Amino acid sequence: MSHPRSAAALDIRGLAKSFSRPAVDGLDLTVRPGEFYSLLGPNGAGKTTTLRMVAGLLRPDAGSISIFGVDALADPVAAKRIMAWVSDEPMIYDKLTPYEYLEFVAGLWGIDAATAQRRADDLIGWLGLGPHAHERCEGFSKGMRQKVALAGALVHDPRLIILDEPLTGLDAGSARQVKTVLRERVANGDTVIMTTHILEVAERMADRIGVIAGGRLIAQGTLAELRIKAGRGDDSLEDTFLALVADEAQAA
Amino acid sequence: MTGASSIPWLARHEFRLAWRDWWSMLTAGKRHRTRIVLIAMAAFAAFMHLIAFAIVAKFAEIAPDADRGTLVVITGCALLAWSLMMSQAMEAVTRAFYARSDFDLILSSPVAARRVFAVRIAALAVSTVVMALMLSAPFINVLIWRGGLRWLSAYGVVIAVGAAAAALSVALTVALFRTIGPKRTRLAAQIVAAIVGATFVIGLQVAAILSYGSLIPMTFLQSEAFIAMVPAIDSIAWWPARAMLGDMNALAAVALAGFGLLAAAIALFSARFGEHAVAAAGVSNAGVLQRRRTPHFRNASARTVLRRKEWTLLRRDPWLASQTLMQLLYLLPPALLLWQSFGHSNDDLVLLVPVLVMAAGQLSGGLAWLAISGEDAPDLVATAPVPARWIVRAKIEAVVASVAMVFAPFVLILALVAPRDALAAAAGVAIATVSSTMIQLWFRTQAKRKHFRRRQTSSRFATFAEALSSIAWAATAGLAAAGRWQAAITAALALGILATARAISPQRKDEAA
């Protein structure tokens, strides 16, 4: 199935989700194709809930989600085919090796075996997993597990990659490998949406940054645009972010 | 020594944790269920007393100077209880070694590890004894009511036997650690615990089959040939039985032996317990090399890769496999009976039908939990471009195929000997398998496979429904094989259990499409 490249990579309108209280409250968000978009927000702001709804892991109470023109709520299977999800807690199978895990993921996405094998070889190499490619994942460190999960997300060549805190707990070397791979994907025209608490990463990597607080998007734009909105001149992203969130808290 | 690190202080901490764990297990962590749980416990206790009355009331008048035949039966019951307690205690000791829990805190604290683990071994013994007391209390109470206060000594025997079982299980597990190392002990202890728990019953069944062609253990235990072989009436082998019957000297000796063994275990092993726990902690860090050559990816449908994944994970986790397959130990006597009866008719073969159906129901429940709830990468599977119903169907297919692989040989051989029994068994196995799988599907949760043992605490209702459904279908298949019309009643009961389970199963509002 093909979809027009001109459609937004992600288009969210009026998205809402409540648990005991509203977690996401009428959120509107548009991410362009080929963009590295970083989603920031304080704990409990609704970032993960938003992205879990986009990934089809939670059903929204209201609103619409469109991925490259595909209505993700009406046709979730078509939406999932072009998207990948990586959570902060790498969910892999302890008793499978990285190669076996990638074969399993490729099978779920219906990727031709020869293509999947070639991509798996490339990913294993890029992510430095070669020496452990035939070991079961049960003895892997958090960083290695996260790299296996990332390889799984990329083996089916998604157009939209959604990552929830992918760098949490990674050492400097592993974090750099992950960031490099993600930048390469964006350079190749794919779209990456990533939540992070490491503001320096967002500052360096993201084309645009969105700030969520209280389940709503309170600001978005390039770093320069956010600074202007926050009235913070040449301040760092950290100062800008804290100012935006503080303003929102005050307004609420 | 400060109060905050004394043995009483540590014991208080240990028992507080154990109590809260136990209460949380009963109430599923919901405080408002206290009244319901108390009412359910009272009802269960009353029901158990009724059953106990039906079974043991007629034995209440047995005097301490009973004959050898009576002593054999009482000793057999005590041995059965001991083997089950020993099995439970071994599992608890293994769990204490491998579940990290608070070991890091304890071992990094300035409190002497020996003191902490002495308390922990004592706590293991207490939990073993309490469980045994809860199960035996209805029977002992009925005996006291009908036979007098002398039966109170049976409580003393249960406590002493429990203490001995805990002591021996600690010794056996530590011995395994020292001989085969921490990596293999987890699995080996699991298997040994299951074998210890099942050996006595299975042994009696095997003896009954070989001697009398019967699957009923008591046939052998009460046979004249066996009674002629047992020790003389004044042998110390009968002390536990005599102690149960109210002989206070025998009770004192049994209690001394039980508590002596426990004290010795605490004195000998508490110092090394911490070292073994540290050794156990290092096990999961060792990498397992699967195969060196690059595997060739195979084209397969999503359902095929899901089924293949389930089977691979089960095959590669011997601990989990042993957890589920240990239930199949009880299939050994039926297999022996089948083998012995092959070529000629045996009316006892009809007894195989409920055994096979019950085992299939229980096995499929465990496998279904692993496949459906114990999904280690739920987000990955849920974000795959595959309809949710396909995923569920593939997992159910994996469970059903696994169960079929285990039971098909039994049914096929039975078909050659007793076709009608085989037909009832095949239908019963299939229905019990589907029923247990559906119950697990209705009550599915999100859990790690390594938490398999906790599946029974995550939903008490699912556990009971699965057990009751298996029992009801086993009874139905057995009665149908025997040509009894009452099969219709038990079938209706089984359907009622399933309908109730379906009706009260949790709704999944946020389930992914």
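Residue numbers start from 1 in every chain, and the chains themselves are labelled A, B, ... in the order their sequence lines are given, proteins ahead of strands. The figures that follow rest on heavy atoms only: side chains count, while hydrogens, waters and symmetry mates do not. Everything numeric in this text was worked out from a predicted model, so none of it was measured.
When heavy atoms are compared at a cutoff of 4.5 Å, A/V105 approaches chain B solely by way of its side chain, counted from C-beta outward. Neither the backbone nor the side chain of A/I124 comes within less than 4.5 Å of any heavy atom in chain B. Heavy-atom distances place both the backbone and the side chain of B/T383 under 4.5 Å from chain A. Looking at B/R303, there are no atoms closer than 4.5 Å to chain A (heavy atoms on both sides), in backbone or side chain. Looking at A/L96, both its backbone and its side chain come within 4.5 Å of chain B, counting heavy atoms on both sides. Contact of A/A153 with chain B is not made at all, since no heavy-atom distance falls under 4.5 Å.
Side-chain atoms of B/W390 and A/V77, non-hydrogen and from C-beta on, never get closer than 4.5 Å to each other. Counting heavy atoms from C-beta outward, A/M91 and B/L380 have side chains that stay 4.5 Å or more apart.
Between A/L108 and B/L306 the shortest heavy-atom distance is CD2-CG, 3.8 Å. Residues B/V381 and A/F104 share a closest heavy-atom pair of CG2-CZ, 4.5 Å. Counting all heavy atoms, side chain and backbone alike, A/Q117 lies closest to B/F297 at OE1-N, 2.9 Å.
A donor-acceptor pair under 3.5 Å is formed between the side chain of B/N299 and the backbone N or O of A/A113. Although no hydrogens or angles enter the test, the distance criterion places no donor-acceptor pair under 3.5 Å between the side chain of B/K309 and the main chain of A/Y101.
A salt bridge is absent between B/R316 and A/E138: the closest approach of a Lys/Arg side-chain nitrogen to an acidic carboxylate oxygen does not fall below 4.0 angstrom. In this structure, B/D376 does not pair ionically with A/K95, as no charged nitrogen and carboxylate oxygen lie closer than 4.0 Å.
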**OP:** Any chance you could lay out the side-chain contact (heavy atoms from CB on, under 4.5 Å) test for A/R52 and B/D379, step after step, and finish with the verdict?
**Re:** CA-CA 9 Å; A/R52 286 183 74 81; B/D379 282 6; 3.1 Å; yes
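Across B/P378, B/A377, B/A302, the residue that shares the most heavy-atom pairs under 4.5 angstrom with chain A is B/A377.
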